[in-house]
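Only one structure is covered here, and it is reproduced in the block below.
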Amino acid sequence: MGLVPTMGALHDGHFGLVEEAKRLCDRVCVSIFVNPLQFNNAADFDRYPRDIDADAAALEAMGVAAVFVPGVEDIHPAPIYMHIATSGIVDRQEGAYRPGHFDGVATVVSKLFIAAGRSKVFFGEKDYQQTRVIADLIREFHFPVEMVVVPTVREEDGLAMSSRNRLLTAAARSAAPALYAAFQAGRSRAVQGSATAPVLASMREVIEGRAAEAGAAVTIDYLEAASGEDLRPSDRFEADTRFFVAASYDGVRLIDNVAVFEK
Ligand code: PAF
């Protein structure tokens, strides 16, 4: 079985996961569950997009065997006494900005893995740090699942597909492709062994310049060149260096990442 865990409001990124799961598995199950444990901010949870009818219709048309849409009490019966406490790689990036986020992800994903049993599980590379945390989770808890990481799907203008894109204002939507434009600019300047700081500074200008032009407010939480292995920031470009960004546009927080050098 192939399990594709999602929080719904499905887009072509999710459908890419489903296609890959169909290619590699006999039967595909998609779970749709907006997991309250992984939101460190109640307002963010409340406004997270939900569109279960459209999601179910699209998945049915794709021929998935099952869509699993549990209620909160099904997954996290109250009162909750236990959760998985993550550490290590979660000190950086998303974990640093969203306290408790990865504990919530690891906890819900574990419950979904237990429900699924022996299976292949599919996650998108856009949430790169999440894929690293889940790889550790599978290894440390011996879950009988095999993870498949699927490349990020992008809009034509480079914006990474995300359920949160639906929340962007028009100005923010026109400014946000600068995240990928900045990656491309950074890639064209990066040379193995050379310093990352000046390249990152020019990438920041791309992001802030485009936001100013579009009339969108942008706040960059982090823009880093870091190891694809342990996510430690790199002063110099190395073969496995990736660019990582998290930025809020008019209050909608987006993340993205790419490998700096082609494999
Ligand atoms: O990436 C997501 O959509 C969520 O973090 C996941 C993996 C479905 C867990 O709730």
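First listed ligand is number 1; within each ligand, the first listed atom is number 1.
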task = For side chain to side chain donor-acceptor pair (under 3.5 Å), just list the numbers for Arg236 and Ser194, CA-CA rounded to whole Å, side-chain angles, deciding distance to a tenth of an Å, and then say yes or no.
result = CA-CA 5 Å; Arg236 301 200 166 268; Ser194 73; over 6 Å; no
Kindly print each ligand 1 N/O atom paired with any protein N/O atom under 3.5 angstrom away, one pair per line, or none if nothing qualifies.
unit_1   : atom_1 : unit_2 : atom_2 : d
ligand 1 : 1 (O)  : Gln130 : NE2    : 2.8
ligand 1 : 5 (O)  : Gln38  : NE2    : 2.9
ligand 1 : 5 (O)  : Gln130 : OE1    : 2.7
ligand 1 : 10 (O) : Gln38  : OE1    : 2.6

note = The side chain to side chain contact (heavy atoms under 4.5 Å, CB included) partners of Arg187 (sequence neighbours excluded) come to Tyr180, Gln184, Phe243, Val258, Glu262
task = Report yes if the distance between the aromatic ring centroids of His14 and Phe122 is under 6.0 Å, otherwise no.
result = no
ask   = Taking 4.0 angstrom as the limit, do Arg232 and Asp91 come out as a salt bridge?
value = no
query = Partners of Tyr97 by side chain to side chain contact (heavy atoms under 4.5 Å, CB included), sequence neighbours excluded?
reply = Asp221, Tyr222, Arg253
Set of salt bridge (Lys or Arg N to Asp or Glu O under 4.0 Å) partners for Lys120, sequence neighbours left out = Glu146
